[in-house]
Amino acid sequence: MGVIHKIGRRKTAVARVYVSEGTGVITVNKKSFETYFPTATLQYKVLQPMSMTENVSNFDVKVNVYGGGSTGQAEAVRMALARVMCEVNAENRAVLKPQGLLTRDPRMVERKKFGQKKARKRFQFSKR
């Protein structure tokens, strides 16, 4: 099979995933998966595409992820792994697509405008 390389993005987080056949070892930025994503929610998000396609213990995964926060990074890894699962077996696409795991979430932080406090919030107007 060799090594499959895919990229996933979410907000400002970018995840590069390298998947090869193995025993199910996941390393994120040269740390173990459980220490990099300590909460059960984030671990579930990362493992979701592999558990839905029943491939949790079939592949070794190396991830390089940067940018954004922990949730954005976890969802970027999830998207990259979903893309890998589709390349491994084309039938996995029918399982992952209805759950929205292959769709890039376009929501980004809106930029701050000049003359305003934040992106939408204005300075308080006082009529004396």
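The figures here come from the full heavy-atom set of this structure, side chains too, leaving out hydrogens, waters and symmetry mates. All of these numbers come straight from a predicted model, not from anything done at the bench.
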J.: For atom CD of Glu91, decide whether the heavy atoms of other residues, nucleotides or ligands shown that lie under 6.0 angstrom number more than 12.
T.: no
J.: Side chain of Arg111, backbone of Val109: donor and acceptor closer than 3.5 Å?
T.: no
J.: Measuring from atom CD1 of Ile26 to atom CG of Leu47, what distance do you get when rounded to the nearest 0.5 angstrom?
T.: 4.5 Å
J.: So which atom in Ala80 and which in Gly8 form the shortest heavy-atom distance, rounded to 0.1 Å?
T.: CB-N, 3.5 Å
J.: Between CE of Met85 and CG of Leu102, what distance do you get to the nearest 0.5 Å?
T.: 11.5 Å
J.: Where do Ala94 and Pro98 come nearest, in terms of heavy atoms and distance?
T.: O-CD, 3.1 Å
J.: When you look at NZ of Lys62, are more than 12 heavy atoms from neighbouring residues, nucleotides or ligands closer to it than 6.0 Å?
T.: no
J.: Output the distance between atom CZ (Arg10) and atom CG (Asp105), rounded to the nearest 0.5 Å.
T.: 4.0 Å
J.: When rounded to the nearest 0.5 angstrom, what is the spacing between OH in Tyr36 and CD in Glu34?
T.: 14.5 Å
J.: Of all heavy-atom pairs between Pro49 and Arg78, which one has the smallest distance, and what is that distance?
T.: CG-O, 3.5 Å
J.: If you compare all heavy atoms of Ala76 against all heavy atoms of Ala13, which two are closest, and at what distance to 0.1 Å?
T.: CB-O, 4.0 Å
J.: Can you name the nearest heavy-atom pair linking Ala15 to Val65, along with the distance?
T.: CB-CG2, 3.9 Å
J.: Does Asn29 reach the main-chain N or O of Lys31 with its side chain, forming a donor-acceptor pair under 3.5 Å?
T.: no
J.: Between Lys6 and Leu81, is any pair of side-chain heavy atoms under 4.5 Å apart?
T.: no
J.: Would Tyr44 and Met50 show up in the same hydrophobic cluster when neighbours are defined by side-chain heavy atoms closer than 4.5 Å?
T.: no
J.: Given side chains that start at C-beta, do those of Leu101 and Arg83 come closer than 4.5 Å, heavy atoms only?
T.: no
J.: Does the side chain of Gln73 reach to within under 4.5 Å of the side chain of Leu42, using non-hydrogen atoms?
T.: no
J.: If you take all heavy atoms of Ala82 and Leu96, which pair is closest and at what distance?
T.: O-CD1, 3.5 Å
J.: Distance from Arg104 atom CZ to Glu75 atom CD, nearest 0.5 Å?
T.: 11.0 Å
J.: Would you say Tyr66 and Phe33 are hydrophobically clustered, going by side-chain heavy atoms of ILVMFWY under 4.5 Å?
T.: no
J.: If we only count heavy atoms from C-beta on, is the Arg16 to Ile7 side-chain gap below 4.5 Å?
T.: yes
J.: About how many Å separate CZ of Arg107 and NZ of Lys11, when rounded to the nearest 0.5 Å?
T.: 7.5 Å
J.: Can a donor-acceptor pair be found, under 3.5 Å and without considering hydrogens, that links the side chain of Asp60 to the backbone of Gly24?
T.: yes
J.: Could you go through the side chain to side chain contact (heavy atoms under 4.5 Å, CB included) check for Glu87 and Asn92 one step at a time?
T.: CA-CA 9 Å; Glu87 189 167 316; Asn92 291 337; over 6 Å; no
J.: Please answer: with hydrophobic residues joined when any side-chain heavy atoms are less than 4.5 Å apart, are Met79 and Phe37 in the same cluster?
T.: no
J.: Would a 4.5 Å heavy-atom cut-off, applied to side chains only, mark Val88 and Thr53 as touching?
T.: no
J.: Please name the residue in the list Ile4, Val28, Val25, Val19 that meets the side chain to side chain contact (heavy atoms under 4.5 Å, CB included) test with Val61.
T.: Val19
J.: Just checking Lys117: does its NZ atom have more than 12 heavy atoms from other residues, nucleotides or ligands closer to it than 6.0 angstrom?
T.: no
J.: Taking atom CD of Gln116 as the centre, report whether more than 12 heavy atoms of other residues, nucleotides or ligands fall under 6.0 Å from it.
T.: yes
J.: Measure the shortest side-chain to side-chain distance between Glu21 and Phe59 over non-hydrogen atoms and say whether it is less than 4.5 angstrom.
T.: yes
